[in-house]
Structures are given as C-alpha cells and as structure tokens.
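So the structure is just underneath, and the comments pick up after that.
Keep in mind that this is a model prediction, so the values were computed, not measured. Every chain is numbered from 1 and lettered A, B, ... according to where its sequence line falls, protein lines coming before strand lines.
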Amino acid sequence: MVVPRFWRERRYRYSLIGTRCPVCGTVYFPPRSVCPKCGRKSMGKMEEVQLSGKGKVYSYTIVHQNVLGFKYQKPYVMAIIETPEGPKITGQIVDVDPEEVHIGMPVHAVFRRIAEDGNSGIIQYGYKFVPDENP
Amino acid sequence: MRDVAIIGAGETKYGEHWDKSLRDLAVEAGLKALEDAGICAEDIQAIFGGNMSAGSFVGQDHVGALIADFAGLAEHKIPAMRIESACASGAAALHTGYMAVASGMYDIVLVGGVEKMTDLPGDMVTDILAGAADREWEVFLGATFPSLAAMMARRYMYEYGMTREQMALFPVIAHKHGAMNPDAHFQREITVDDVLNAPMVADPLTLMNCSPVSDGAAAVVLAPAEIAKKYTDSPIKILASTYANEYISLHSRKSLTESLSTIEAGRKAYKMAKKEPKDIDLAEIHDAFSIIAIEGLEGLGFAKKGEAAKLAEEGQLYYDGNLPYNPSGGLKAKGHPVGATGVGQVVEIVKQLRNEAGKRQVENARVGMAHNVGGTMTSSIVHILEVM
C-alpha cells in the first residue's frame, strides 16, 4: 500500500479530529463534509473539533482470527467506544486483560502503532484505547 | 411499471469447487436457469450479475462481459453488467433486473450471481470481505466482519439478555435444513454443543455462528408477468423488490440491536406486495452471522425486538413450523458465495413455491420472502414472491 492513503488521514487519526455541524451541533468522527441530519444547510460549514479521547465501552469482542497486519496481536480486543462528545469510535483496547473488558468500562485514547504492511511496507499509526483510571 | 415474473431458475452446488473457475460456475448456473425457462441464450436481452469482489478474489473484473462471452453471447452484443452491494450483490442484481423488466426497457433478462472465494487463504478472504465495512475507520483499526457482527451480538445480549445457547439454535436449524439440500455446502446436522464448543472466531461468535467461505453461482430468468405463462406453467411473480441503506459503520448508528435498513426495506416490501408478515409462508433470511438473522427476523416483523430467539426455541423456524426459516440451509449451511447468495435465496423460494424442494419442502407454500444484507446490515434488500 502506498504512503498517501495513510498520510492524508494522519491529522484525524493522530489527534482525534472530527467535525461539528454548526446547524444542529452534532459532532461526527470520522470527519464528514455533510451533516446527515441537516444536509444542504451544513454544506461548506462543518467545523473541525478535537475529541477529548475519553469514553466508555459500548460493545467489544475478542478477535481470534488471523487478520492481515494484525497476526502477531491476536487475541486482541476490538471495541466501539462511546465518547462524551457524541460520536462512537471503533478501536482496539490494549494494556488490559481481555477478560476484564466490559460494557461501560471507562477508557481513553492513546497514540499507538496499529498494523504493519508486510515486511517492507509502512508501519501504520493511529489511536487505540486503554483503561482509564481517572474517568 | 409492469408486473415481473421469474420463468426459470438454476444454481450450482455451493461449496469448495477447486475444479471450477468463476466463469465455469456462472455459466453453469446461467445455463441451468435458461434450460429451466425453456429458452436459448440468444433470447436474453440483458444480463445483470451480482458479484462482490472477483477483482480481489481471482483478479478478474469486467465480470459481466466475461460471463456473457462464455455463455456464448459475444456475437449478440447484449448489455451485461456486474452489480455490487457487498454480500447483497445478488439481490441488488435482481433489484436491477426487476427494474429493467418492470420499466419496459427489456423483456427477457437474466439475473445471476457468482463468487469464487476459495482460491485464496483465509486471512486474505477475511480482508477482502472486510471491504464491505468502512476500510479506513473500522477495518484499519483491526475490525473484521466477524468481529463487527460479534459486537452487534455482544450489545444485543447485553440489552436483551439473550444467551449464547439461544443464539446457537439458529445455526442448528440452518444445518438441519442444509442436511436435506443436496446443493448445500454443509449437509450434516449439528447440535447446540457443536456451536458452543467450536473454535472462537470473535467472542461471543464461534466458527459455527459464522457462514462459511463458499464458491457458487445462481441465476434466474425474468419476463413480464403477462407473457410468463408462454414460457412456463409455473411462473413466480415478484410482488416486491425493495432496497434500503443506512450508515456503513456500526459506530455511526444509534443502535447495534436493530437494523434500520432491514426495517425500511421490509416496510416498503410489505406495502408494495400488499402483504403482512403473517402472509409469508417461508423466508430466506440473511444469516451470515446468527445475530444478523436475529435482527433480520425482528426487523421484518416476524418477532418483537429482543424476541427472535423465542421463535427458535419454540421450534417455529423449522421447515415444518409456523415460519419456515432458511429451508435451503441458509448462508450458514447452504453456503455463502457472497455475490451469488441473494440470487440463490430466490432460487430456493422458486423451488419451494413450485413444490420442487424435495425433503425440505414447505407445505402449501404460496408466498416467500428473501432478505439479503450487505455489510453489517448496512444494505438490506427484500423480495416477496408469489405463485401465479
């Protein structure tokens, strides 16, 4: 895979930047150029917003499959995290015993290595989540 | 719009066809459908073929042209195109073919579906199928299709208290039916313990909560209903063909426990067909994962929210029950060659409505429903068919 595909998303992935619709106030992650609720009224007006990275587990699973780029991480925890700003985010939960993960568990985002594109491809970075001791 | 009927149907066996290529499978199913309709390839005016990802699975794009060519139609110069909506590609092709005939643009249309999946190792197949989700904001982070379905299941169990034992009943029923279908990928019965003790794929889903990777193809021939009886004594009328989409990512949805696309496609289909859930004699429900069948049954009005497992527990979903569910074996046991699946569901309903389904025949079947889903229930396509 070539570099630009990952490079162009880096701001949003590295800093958890989403967008807010100035018409209805809904916050989206990943960023959108149109608000699904306000449609045309939101076009050209969506504002960037940085999420706090805080959240709670909305649902999760423990992945036991062989997944390209993630082979050496299994079993790993995938989760959907509910953020106080509104949007839910898909990501891994790490630095935790998978058996301890539960719905409602407080977590926060950290910057981590996500996957590798084989032996010669680029290493991809982004967000994962860890248990939050001070929610 | 004109009424549209199915005048012929055919499919290959589903399974691991190491000796057959993408084109072999598609041509085999297409010719069976033509033979069943009693027409020749040169009678076809257009082809719409469902296929999710031949470009990734076998490096072949331009699938419509390839299949038309190897079906012997290169010199007839008819339009032939691939239709893609992930695992709902087959039903999307039928929806397109339905529009083509209903509109009056074409009379005789071949709708096919094909997928050749077993030429690649499992991790590559998993990665290709993950393309039905959001590649940059779900898959990039490590999500696979089973893991997304698992998160739906986990949340459903949390909200409604469903147990893994209850969820296991769905594959058990599918395999019971698959054991009676000579074209099914898996033709053996399984138990609840087999499901619970199978290797874990994505907790709480074991391998037996997940449909297999299959090769296969299916096809039907469409004609205007008014002339259908010229071709066959037993045409099957398409009463409804509806399609709805919602957010592609699970995380963008308000709820993981109901499918808004299925609810919408179902609502429109009942209205179009002037039918209600109680009028449906059998249903082929998309069960790529047990949880998807559960949310499908509820979204289509066969059970209240959180109560689909009751139908299974009460035995209503067997082919001789009140709501015969996946008499073909469903995606779980009949198999899931993704681009073929939606057409294959309709082939099963045609067989059932014609009283040609052998051991798994549903008694007095007159109205059937097919529910085909793309992605994590992002796209839902519903067809309602009736004996003419």
Legend entry - Region of A:Arg32 that comes under 4.5 Å of a non-hydrogen atom in chain B: side chain
Inset, instruction - Would you mind checking which part of A:Phe70 comes under 4.5 Å of any heavy atom in chain B, side chain (CB onward), backbone (N, CA, C, O), both or neither? - result: side chain
Legend entry - Under 3.5 Å side-chain donor-acceptor pair for A:Tyr28 and B:Ser252: no
Inset, instruction - Compute whether any side-chain donor of one residue and acceptor of the other, for B:His175 and B:Lys332, lie under 3.5 angstrom apart. - result: yes
Among [options], who wins on heavy-atom pairs under 4.5 Å with chain B?
| options | value |
| --- | --- |
| A:Pro98, A:Gly69, A:Pro36 | A:Pro36 |
| A:Ile80, A:Val77, A:Asn66 | A:Ile80 |
| A:Ile89, A:Val67, A:Ile62, A:Val63 | A:Ile62 |

Inset, instruction - Heavy-atom pairs under 4.5 Å with chain A are the metric here; pick the option from B:Gly142, B:Ser147, B:Ala150 that has the most. - result: B:Gly142
Region of [X] that comes under 4.5 Å of a non-hydrogen atom in chain A:
| X | result |
| --- | --- |
| B:Ser249 | neither |
| B:Thr126 | side chain |
| B:Phe140 | both |

Inset, instruction - Assess whether side-chain contact (heavy atoms from CB on, under 4.5 Å) is satisfied between B:Val213 and B:His336, documenting all intermediate values. - result: CA-CA 6 Å; B:Val213 169; B:His336 188 22; over 6 Å; no
Legend entry - More than 12 heavy atoms of other groups within 6.0 Å of B:Lys310 NZ: no
Inset, instruction - Step through the shown structure and confirm whether more than 12 heavy atoms of other residues, nucleotides or ligands are within 6.0 Å of CZ on A:Arg10. - result: yes
Inset, instruction - Show your reasoning for whether side-chain contact (heavy atoms from CB on, under 4.5 Å) applies to B:Trp137 and A:Thr90. - result: CA-CA 7 Å; B:Trp137 303 99; A:Thr90 300; over 6 Å; no
Legend entry - Passing candidate, ring pair (Phe, Tyr, Trp, His ring centres under 6.0 Å) with A:Tyr14, options A:Phe111, A:Phe6, A:Tyr127, A:Trp7: A:Phe111
